[in-house]
Structure formats: structure tokens, C-alpha cells
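Values reported hereafter were calculated over all heavy atoms of this structure, with side chains retained and with hydrogens, waters and symmetry mates removed.
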Amino acid sequence: MKRSLLCAAACLAAAVLLTGCQGAASSSASASSEAEINQEMPDYSLGLTDEGLFDGVDVTACVTLPDYRQVPSGEAFTTVSEEDLQAAIDQFMSSYATDTQITDRAVEDGDTVNLTYTGSIDGQVFEGGSAENQDYTAGSDELIDDFLTQIIGAMPGDTVKVQVTFPDPYTPNTDLSGKQAVFDTTINYIHGDARPPELTEDFVTNYLSYYYGYTSVEDMRQKISAQLLEEQKYNYVLDWLYDNCTFQPVPEQLVQDQLTILDTELANAANGYGITLDELAAKYGADSVDALKEAYRPQLENMIRQNLMCQALAQDAGITVDQDTVDEYFAQQGVNDCTALMKSYGKGYIYQGVRTELVAQYLMEHVAAE
């Protein structure tokens, strides 16, 4: 149940879609910068008061709390497994991995290829149709038409004249609708396997000591282990609370609010791809966008129940959130001014997220001694 307050948890179910379309908005060959301008920020605070409470909802009628003042202890409070620790270290080191660059064979279907291209229509280079050193998957539909199929078989160093036709209509830039274009495309290299560096004392000293404060490999292991232990505790207490609450059916209005937020996320994703909503749904195996939204309903209801239980416990235990509380929380995270976050996500969403953090902290302080 661990989540980042700064992520758009109000539309957690759409995260995969949004991640999938990030690369699709890099140029006019996919979805031009105009598409990014047209992105609409969802109202993540929809249905919430400025205090981050569900507006007009009696949470005590929605959830019955267990005796949360004596949370039973568990192994999550004492032990981090060697497997979990090593997995965390491996994941950390993977962020420093570098890809090998393959230049001695032709591009194959499915390769990740680094490209530089310039697009022209009737011999004239057009705005937004160029990119340098961008990564794409050969044979995929990340770019328009069969752009990325035409590079298959080319060698790194080759320049291929890729001929495509823009869809009609092409919503990211209607001036390009139905136009034939040629992209002079240079294959820079094919990405090989990513290889993380070896974790050595020298690597820690040279790359990790200044930013992370690690003084040695063993110090790094101990600090990551301590962080994992805190995450385990956080997850344990919120999972325990969720498993021991009794929930009534989630108020439909709360679900509709989340579906409204999801509407905006899906529209942004479709806009990023330069396709319709139903075409977006088809990408993810749904018959229609309505069917896709319904597939997310269980995840949205689960998220709402989590917020209901945290609001109910905060109300019962007298846990309050005000601006000073919010400022203090973000200062602890290294964010000294949360004005921009408030503007992006809304005051209600930020307050609700901070309340969840305070509830988790309260529960961790009320774990029964063994």
C-alpha cells in the first residue's frame, strides 16, 4: 500500500497508460509539442474539501474501524530479508547502468534504436518534425504509420528515407492531416544490454557519497536496509488497518469523481498518441473507452476505501492537518515550498495525502510490544 504523496494517486490506475505515452509526444512524427500544450491537468482534488476530506460524506457510515491503538507486531517491524535488501541495491545500481551500443549488425524488429531524423513535406522541412538522439522500438507504433517498421534491416550509420502518411484527421496538428512526409532518418546505434557498474568502495566514494551520504559499501547497505524497514512498517500498519476495517459499499459519487479524473488522464494519453479514445482503449485490450474505465473501477474503489479508512481514523484519533502540518511534512521531504504542488494537485489532494502519512505514523507508534 506504500505510495508517494507526490504521485497522481487520484488516478493511479491510469499510470501505465501515461507512462506508455511519454515517448509518443517527442515530435510531430508522433504527437507534436502542440499536443503537450493541449494537455489538461486533472482536478485531483475533485470531491474534496480544502482540508482534504470527502465533501459531504459521513465516513463513519462507510467504514468501521478496528481497535487501532494496539496494532499487533509482526516480522515486518524487525527484519529486512537479504533478498529484499539485495533487490533494492540492484535496483538502485541499475539507475547507473549504461547500455552497450551495437553498431555491427542490422536493426531487427523489437530493437531499441537511437535515431536522429528530419521530416519534410514536398521538400520543405516542417516545424516539429525533427528529433535528435531519440530512442524508439523498431517495428512498434510509437511513431506514425509504419515509420519504425521501415528502419528494420538498416545498419547503424545508415540514413533511411522513411515515407509516411499522417492520419486524417491528425488531432495533435490538423495542418498535417493526411499529408505525405519523408523523414531522413539516421540510425545512430542499437541499444545493447544495460550493464550496471560494479558496487565497489571506489564507486561509493566517487558517485554516492556526496549526494546520498554513503561512506562505504557497508554503510550503504545499512542505510538502505533501514529505509526498507521503515517502508515495511508503513505498509504493514496500513495493510493491517485495511484488512481489519469493515467497509460498506463505496459511495457511487466518490467513484464517479475518480472516473472524471480518469477521463482527463485518458484524454491526455490519447492526445499524446494522436489517436482517439476508443483507439487508445483498443491498445489495452478493451472494446471501448467506457469498458476500459470500468476495468479500472475495482482499483479506484480500493483507493477510495484506503482514503475513507484514513479519514475515519484521523477523525476518531483527533489527527488534524493544517498548513503548518503540510509545510512541516514537505520540509522533512526536502521541499521547502509546496506552492507549486498545491497549484498542480489542489489543496484537498495534498491535505488528504499528508493525513495518510500522519495516520501511518500514528499506527506505527501504537504497535503492541512483543
Side-chain angles (χ1 to χ4, degrees), residues 1-13 15 42-72 231 233-262 296-330 332-333 338 341-342 344-367:
M1 192 176 289
K2 179 67 174 174
R3 65 178 186 176
S4 167
L5 174 59
L6 305 188
C7 79
C11 199
L12 186 60
D43 180 6
Y44 290 113
S45 293
L46 182 64
L48 300 175
T49 68
D50 282 349
E51 292 74 29
L53 305 172
F54 287 115
D55 195 9
V57 175
D58 179 6
V59 293
T60 61
C62 300
V63 55
T64 302
L65 298 168
D67 180 4
Y68 55 83
R69 292 174 179 84
Q70 286 292 310
V71 179
E231 291 179 0
K233 293 176 182 179
Y234 181 105
N235 290 333
Y236 174 86
V237 294
L238 288 182
D239 285 342
W240 175 88
L241 180 62
Y242 187 90
D243 292 341
N244 287 277
C245 282
T246 301
F247 295 98
Q248 298 303 315
V250 173
E252 182 60 22
Q253 183 57 51
L254 301 186
V255 179
Q256 291 303 316
D257 288 340
Q258 295 307 311
L259 288 173
T260 297
I261 295 170
L262 182 57
Y296 286 133
R297 178 182 280 266
Q299 294 167 269
L300 297 177
E301 289 182 346
N302 179 63
M303 181 188 65
I304 293 167
R305 282 191 288 268
Q306 294 174 29
N307 286 319
L308 284 168
M309 75 180 189
C310 288
Q311 182 176 327
L313 190 148
Q315 180 175 307
D316 192 69
I319 299 171
T320 59
V321 178
D322 56 22
Q323 191 59 49
D324 288 341
T325 311
V326 171
D327 290 341
E328 180 181 357
Y329 169 79
F330 279 104
Q332 292 171 353
Q333 311 307 311
C338 61
L341 291 170
M342 289 279 195
S344 295
Y345 294 100
K347 187 176 180 180
Y349 174 80
I350 297 297
Y351 271 52
Q352 185 184 66
V354 171
R355 182 177 293 103
T356 296
E357 301 297 318
L358 295 180
V359 165
Q361 185 62 44
Y362 178 94
L363 290 170
M364 286 188 281
E365 293 169 355
H366 286 78
V367 172

Item to check | Sidechain-backbone polar pair: S45 side chain, G52 backbone, donor-acceptor under 3.5 Å | outcome: no

Next on the checklist: A side-chain contact here means heavy atoms from C-beta on lying under 4.5 Å apart; do V321 and Y329 qualify?
Outcome noted: no

Checklist entry - How about Q256 and L259: do any of their side-chain heavy atoms sit closer than 4.5 Å? => result yes

Checklist entry - With a 4.5 Å limit on heavy-atom distance, are the side chains of M342 and V326 in contact? => result yes

Next on the checklist: Using the rule given for side chain to side chain contact (heavy atoms under 4.5 Å, CB included), can you reason through Q352 versus F54, listing the C-alpha separation, both sets of side-chain angles and the distance that settles it, and then say yes or no?
Outcome noted: CA-CA 9 Å; Q352 185 184 66; F54 287 115; 3.6 Å; yes

Next on the checklist: Measuring from atom CG of L300 to atom CD1 of I261, what distance do you get when rounded to the nearest 0.5 angstrom?
Outcome noted: 9.0 Å

Next on the checklist: I'd like to check the side-chain contact (heavy atoms from CB on, under 4.5 Å) partners of P66; sequence neighbours left out, ordered by chain and number.
Outcome noted: W240, L241, N244, C245

Checklist entry - Taking only residues two or more places apart in sequence, or in another chain, which ones meet T49 in a side-chain contact (heavy atoms from CB on, under 4.5 Å)? => result E51, L53, D55

Item to check | Where A360 and V237 come nearest, the two heavy atoms and their spacing | outcome: O-CG2, 3.8 Å

Item to check | Within residues 309-319 or reaching into it, pairs that qualify as side-chain hydrogen bond (donor to acceptor under 3.5 Å, both in side chains) - sequence neighbours excluded | outcome: Y68-D316

Item to check | Set of salt bridge (charged side-chain N to carboxylate O under 4.0 Å, His left out) partners for E252, sequence neighbours left out | outcome: R297

Checklist entry - Which heavy atom of V359 sits nearest a heavy atom of A314, and at what distance? => result CG2-CB, 4.1 Å

Checklist entry - Distance from L308 atom CG to D58 atom CG, nearest 0.5 Å? => result 10.5 Å

Next on the checklist: Just so I know, are the side chains of M309 and F247 near enough to count as touching, which here means a heavy-atom distance under 4.5 Å?
Outcome noted: yes

Checklist entry - Is there any ring pair (Phe, Tyr, Trp, His ring centres under 6.0 Å) pair reaching into residues 305-327, and which pairs are they, with sequence neighbours excluded? => result none

Checklist entry - Distance only, no hydrogens: is a donor on one side chain within 3.5 Å (strictly under) of an acceptor on the other, for D257 and Q253? => result yes

Next on the checklist: Using every non-hydrogen atom in the two residues, find where I304 and V250 come nearest and quote the distance to one decimal.
Outcome noted: CG2-CG1, 3.6 Å

Checklist entry - Do the side chains of S344 and Y349 get nearer than 4.5 Å, heavy atoms only? => result no

Next on the checklist: Within the structure provided, determine whether E365 and Q361 are in side-chain contact (heavy-atom separation under 4.5 Å).
Outcome noted: yes

Checklist entry - Just how far is it from atom CD of E301 to atom OH of Y296, taken to the nearest 0.5 Å? => result 15.5 Å

Checklist entry - Residues in side-chain hydrogen bond (donor to acceptor under 3.5 Å, both in side chains) with Q248, at least two apart? => result none

Next on the checklist: Nearest 0.5 angstrom please: L48 CG to D43 CG, how far?
Outcome noted: 8.5 Å

Next on the checklist: Please enumerate all residues that pass side-chain hydrogen bond (donor to acceptor under 3.5 Å, both in side chains) together with Q332, with sequence neighbours excluded.
Outcome noted: none

Item to check | Listed partners of D50 passing side-chain contact (heavy atoms from CB on, under 4.5 Å), at least two apart | outcome: K347

Item to check | Distance in Å, N307 CG paired with L254 CG, rounded so as to fall on 0.5 Å steps | outcome: 9.5 Å

Item to check | pair Y236-M364: side-chain heavy atoms closer than 4.5 Å | outcome: no

Checklist entry - Excluding sequence neighbours, so at least two apart, what forms side-chain hydrogen bond (donor to acceptor under 3.5 Å, both in side chains) with E328? => result none

Checklist entry - Between Y351 and Q323, is there a donor-acceptor pair closer than 3.5 Å when you use the side chain of the first and the backbone of the second? => result yes

Checklist entry - Can you check whether P298's main-chain N or O pairs, donor with acceptor, with N302's side chain at less than 3.5 Å? => result no

Checklist outcome for this item: Closest non-hydrogen atoms of L238 and C310, given as atom of the first, atom of the second and distance, are CD2-SG, 4.3 Å

Checklist outcome for this item: Sorted by chain and number, sequence neighbours left out, side-chain hydrogen bond (donor to acceptor under 3.5 Å, both in side chains) with Q333 holds for none

Next on the checklist: Test of understanding: with side-chain contact (heavy atoms from CB on, under 4.5 Å), list the residues that count as partners of D324, not counting sequence neighbours.
Outcome noted: D322

Next on the checklist: Test side chain to side chain contact (heavy atoms under 4.5 Å, CB included) on V71 and Y362; report intermediate values, then the result.
Outcome noted: CA-CA 10 Å; V71 179; Y362 178 94; over 6 Å; no

